[in-house]
Amino acid sequence: MKRFLSSMIDGRGFDIGLVSLPLAFLLTLSGLPLLYNIVMSFQEVDMFSLGSFWRPFVGLKNYRDLFAQPETWPILANTATFVIASITGQFLVGFGLALFFWTNFPGASWLRGLFLVSWVMPGLVVGAIWNWILSGDFGVLNFILRETGLIGGNIFWRSDPDFSLWAVIIANVWLGTSFNMILLSVGLSAIPRDLYEASELDGANVWQRFWTITLPMMRASIGAIIALGLIFTLQQFDLFAAITSGGPNNASNVTQYWAWDLSFRQYDFAKGATISVIMIVFVMIASVVYVRSTRHEVRG
């Protein structure tokens, strides 16, 4: 005990003690539920056996039944569309805003801070706001599109199967743009100004400097942002619950909302756990990409 106390005082064991408590916390509140969810996806689960850990083992039956359902592939396609469109929109708009504020015009810092409002707002609040904006009868978006002549009549964004998924995508792009903008602004500020001055003296125009200096120097930041965007987008639940509830007829349903619906509305906990395990695989892939991107950035 004396040796242990001395190691904590002189710093040799302090780092281990510092890491052990958060690690135990994560294993207890995240690791064990994650393991329980994986085990559940290989079991037969109903309302009567939900309180027991030892349930009939069915192997891959839940996975086979899930992919045999007719709605599975359309929902997976909706999820892919939602993820790709959201990440693309957030990145392009966020990158444009980061380049815009990079000029450091008067009031840029104050105006950039206003964009963070969307990021700190709860998802359900954002969903309620966009419910009003996307309303088919009195929505602001329809009013703007009509006044600019882009549409001739109202679009019922939330109830039209052709537009319901895009309604959530628009709201999610607005929600995540500020996060992309801040991280990309940090990446831009890390690029030495000397490179731009030297290239300008060599006769490079704006586009040449962008393609040969800005993008290559921000490769690590862009990889990290895309990986984080994939993780956050796959976790997005509030907007679907607040705007479309996965309807109409699963037109805007995605895997994260479907897992909740199967588990807590239809009480099919096994299939809900199965969908969650499939999503975990994609999140782990994105996590590996994020870790590799940040490691490359640290090494320079």
Side-chain angles (χ1 to χ4, degrees), residues 26-86 122-124 126-128 131 158-169 171-172 230-287:
L26 287 176
L27 289 176
T28 303
L29 297 183
S30 297
L32 292 180
L34 178 62
L35 179 62
Y36 182 80
N37 187 80
I38 295 174
V39 172
M40 188 186 298
S41 68
F42 295 100
Q43 294 177 328
E44 182 181 345
V45 188
D46 54 31
M47 288 293 295
F48 302 100
S49 62
L50 186 60
S52 174
F53 183 79
W54 305 107
R55 293 178 287 258
F57 181 77
V58 295
L60 297 175
K61 181 179 181 298
N62 293 323
Y63 292 87
R64 290 194 298 267
D65 293 345
L66 179 70
F67 285 100
Q69 293 183 206
E71 64 268 28
T72 299
W73 292 106
I75 290 176
L76 290 176
N78 288 342
T79 305
T81 302
F82 176 71
V83 170
I84 295 173
S86 295
L124 288 175
V126 174
N131 257 330
R158 296 174 297 168
S159 57
D160 191 329
D162 295 329
F163 294 99
S164 56
L165 180 61
W166 290 100
V168 186
I169 290 173
N172 191 50
L230 177 60
I231 295 172
F232 293 151
T233 305
L234 286 174
Q235 292 178 342
Q236 181 53 252
F237 171 85
D238 297 342
L239 294 180
F240 289 94
I243 298 176
T244 64
S245 298
N249 195 24
N250 288 326
S252 64
N253 204 356
V254 291
T255 52
Q256 56 266 39
Y257 187 83
W258 193 31
W260 172 84
D261 184 76
L262 285 173
S263 297
F264 301 107
R265 280 186 174 176
Q266 304 179 34
Y267 301 110
D268 194 345
F269 300 99
K271 284 194 178 67
T274 302
I275 299 172
S276 301
V277 172
I278 295 173
M279 293 178 61
I280 289 171
V281 174
F282 290 101
V283 171
M284 290 180 64
I285 294 173
S287 301

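All values below come from the heavy atoms of this structure, side chains included, with hydrogens, waters and symmetry mates left out.
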- Yes or no on side-chain contact (heavy atoms from CB on, under 4.5 Å) for V168 and F82, after CA distance, side-chain angles and deciding distance? CA-CA 8 Å; V168 186; F82 176 71; 3.9 Å; yes
- Query: When you look at F42 and V58, which way does the side-chain contact (heavy atoms from CB on, under 4.5 Å) test go after all the steps?
  - Reply: CA-CA 6 Å; F42 295 100; V58 295; 5.7 Å; no
- Item | Derivation and outcome, side-chain contact (heavy atoms from CB on, under 4.5 Å), residues L32 and L27 | CA-CA 6 Å; L32 292 180; L27 289 176; 5.9 Å; no
- Task: Give the intermediate values and the outcome of side-chain contact (heavy atoms from CB on, under 4.5 Å) for residues Y36 and V39.
- Result: CA-CA 5 Å; Y36 182 80; V39 172; 5.8 Å; no
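Taking CZ of F269 as the start and CZ of R55 as the end, the distance is 10.0 Å to the nearest 0.5 Å. Once rounded to the nearest 0.5 Å, the distance linking CD1 of I278 with OG of S41 reads 9.0 Å. For the atom pair OG (S252) and CG (D160), the distance works out to 11.0 Å, reported to the nearest 0.5 Å. Remark: L165 CG to I243 CD1 distance equals 11.0 Å, nearest 0.5 Å. Taken from CG in D268 to CE in M47, the straight-line distance is 12.0 Å, to the nearest 0.5 Å. Residue L262 holds its CG atom at 7.0 Å from CD of Q69, rounded to the nearest 0.5 Å.
In this structure a side-chain-to-backbone donor-acceptor pair under 3.5 Å is present from S276 to G272. A donor-acceptor pair is defined here as one N or O able to donate and one able to accept, closer than 3.5 Å; such a pair exists between the side chain of T72 and the backbone of L66. The backbone N or O of D46 lies less than 3.5 Å from a partner atom in the side chain of S49, making a donor-acceptor pair. A donor-acceptor contact shorter than 3.5 Å is absent between the side chain of E44 and the backbone of A270. Looking at N78, its side chain does come within 3.5 Å of a backbone N or O of N253 through a donor-acceptor pair. Counting only distance, with no hydrogens or angles, the side chain of T274 and the backbone of N62 share no donor-acceptor pair below 3.5 Å. Distance alone, capped at 3.5 Å, is enough to place a donor-acceptor pair between the T81 side chain and the A77 backbone. Remark: side-chain polar atoms of N131 are paired, donor with acceptor, to backbone N or O of A242 under 3.5 angstrom. Side-chain atoms of S164 never come within 3.5 Å of backbone atoms of R158 as a donor-acceptor pair (strictly under, hydrogens ignored). Although no hydrogens or angles enter the test, the distance criterion places a donor-acceptor pair under 3.5 Å between the side chain of Q256 and the main chain of Q236.
For F282, the CZ atom counts as loosely surrounded, since its 6.0 Å shell holds 12 or fewer non-hydrogen atoms of other residues, nucleotides or ligands.
Taking the centre of each ring, Y257 and W260 come in below the 6.0 Å mark.
The minimum heavy-atom distance linking T233 with S86 is given by the pair CG2-CB, 4.1 Å. Listed here is the closest heavy atom pair of N37 and A273: ND2-O, 3.3 Å.
Side-chain atoms of T79 and W258, non-hydrogen and from C-beta on, never get closer than 4.5 Å to each other.
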